[in-house]
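Values reported hereafter were calculated over all heavy atoms of this structure, with side chains retained and with hydrogens, waters and symmetry mates removed.
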Amino acid sequence: MGKPRREPIQQVLARNTKFHRQARNWTQEQLAEASTLGARKVSTVETARTDNYLTSVEKLAMAFKISESELLDRSTPFPTPETAPVGRP
């Protein structure tokens with residue numbers, strides 16, 4: 001028996017975006033205005049036809065064996081000479 005398949009991150013974003021939009025009774029146009037994205041982009045996100053950026057985030061996180069949210073965590077400190085891995089500037 002193999003590992004369970006992970007849901008692609010584009011589909012997670014699509015599902016969660018649609019859920020939060022519908023929970024607020026917003027149309028895609030209202031979300032587009034609130035987010036400053038175009039309505040076409042909102043539609044693209046909700047149908048999981050996003051660009052390769054999310055795939056890259058997912059693959060990088062898998063390589064580091066961390067979650068996508070950890071990779072994108074804004075509170076992660078910038079490396080300093082003291083905290084940089086050995087052999088790295």
Side-chain angles (χ1 to χ4, degrees):
M1 197 158 45
K3 284 197 287 187
R5 287 191 58 190
R6 257 175 81 153
E7 183 178 16
I9 195 166
Q10 292 93 332
Q11 290 179 353
V12 173
L13 178 63
R15 179 174 32 81
N16 290 345
T17 298
K18 189 171 185 176
F19 172 83
H20 287 286
R21 177 180 62 78
Q22 291 177 335
R24 289 162 177 77
N25 293 315
W26 287 358
T27 64
Q28 287 183 340
E29 291 77 18
Q30 289 170 313
L31 176 56
E33 185 175 326
S35 66
T36 70
L37 295 172
R40 183 175 291 159
K41 182 65 174 180
V42 169
S43 174
T44 299
V45 169
E46 285 194 2
T47 55
R49 294 182 313 217
T50 58
D51 55 37
N52 289 330
Y53 170 77
L54 287 176
T55 301
S56 298
V57 169
E58 182 175 44
K59 288 181 178 184
L60 288 166
M62 287 172 66
F64 292 132
K65 297 183 178 9
I66 61 174
S67 68
E68 292 90 355
S69 61
E70 188 175 354
L71 186 62
L72 296 171
D73 185 354
R74 286 190 166 104
S75 68
T76 301
F78 287 100
T80 64
E82 296 79 32
T83 63
V86 176
R88 304 275 169 111

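Interatomic distance, Leu13 CG to Glu7 CD, rounded to the nearest 0.5 Å: 10.5 Å. Interatomic distance, CD1 of Ile66 versus CG of Leu71, reported as 4.5 Å (0.5 Å rounding). Separating the CD atom in Gln28 from the OG atom in Ser35 is a distance of 10.5 Å, to the nearest 0.5 Å. Note that CD of Glu68 and CG of Asp73 are 13.0 Å apart. Values are rounded to the nearest 0.5 Å. Taking CE from Met62 and OG from Ser67, the interatomic distance works out to 12.5 Å, rounded to the nearest 0.5 Å.
The list of salt bridge (charged side-chain N to carboxylate O under 4.0 Å, His left out) pairs with a residue in residues 21-35, not counting sequence neighbours, reads Arg21-Glu46.
Under the side-chain contact (heavy atoms from CB on, under 4.5 Å) criterion, Ala14 pairs with Ala48, not counting sequence neighbours. With sequence neighbours left out, Glu58 forms a salt bridge (charged side-chain N to carboxylate O under 4.0 Å, His left out) with no residue at all.
Contact between Ala39 and Ala32 at its shortest, heavy atoms only, is N-CB, 3.5 Å. Across all their heavy atoms, Val45 and Thr17 have their closest contact at CG1-OG1, 3.7 Å.
Two different hydrophobic clusters hold Val12 and Leu54 under the rule that ILVMFWY side chains link at heavy-atom gaps under 4.5 Å.
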Please step through side chain to side chain contact (heavy atoms under 4.5 Å, CB included) for the pair Lys18 and Gln22, ending with a clear verdict.
CA-CA 6 Å; Lys18 189 171 185 176; Gln22 291 177 335; 3.3 Å; yes

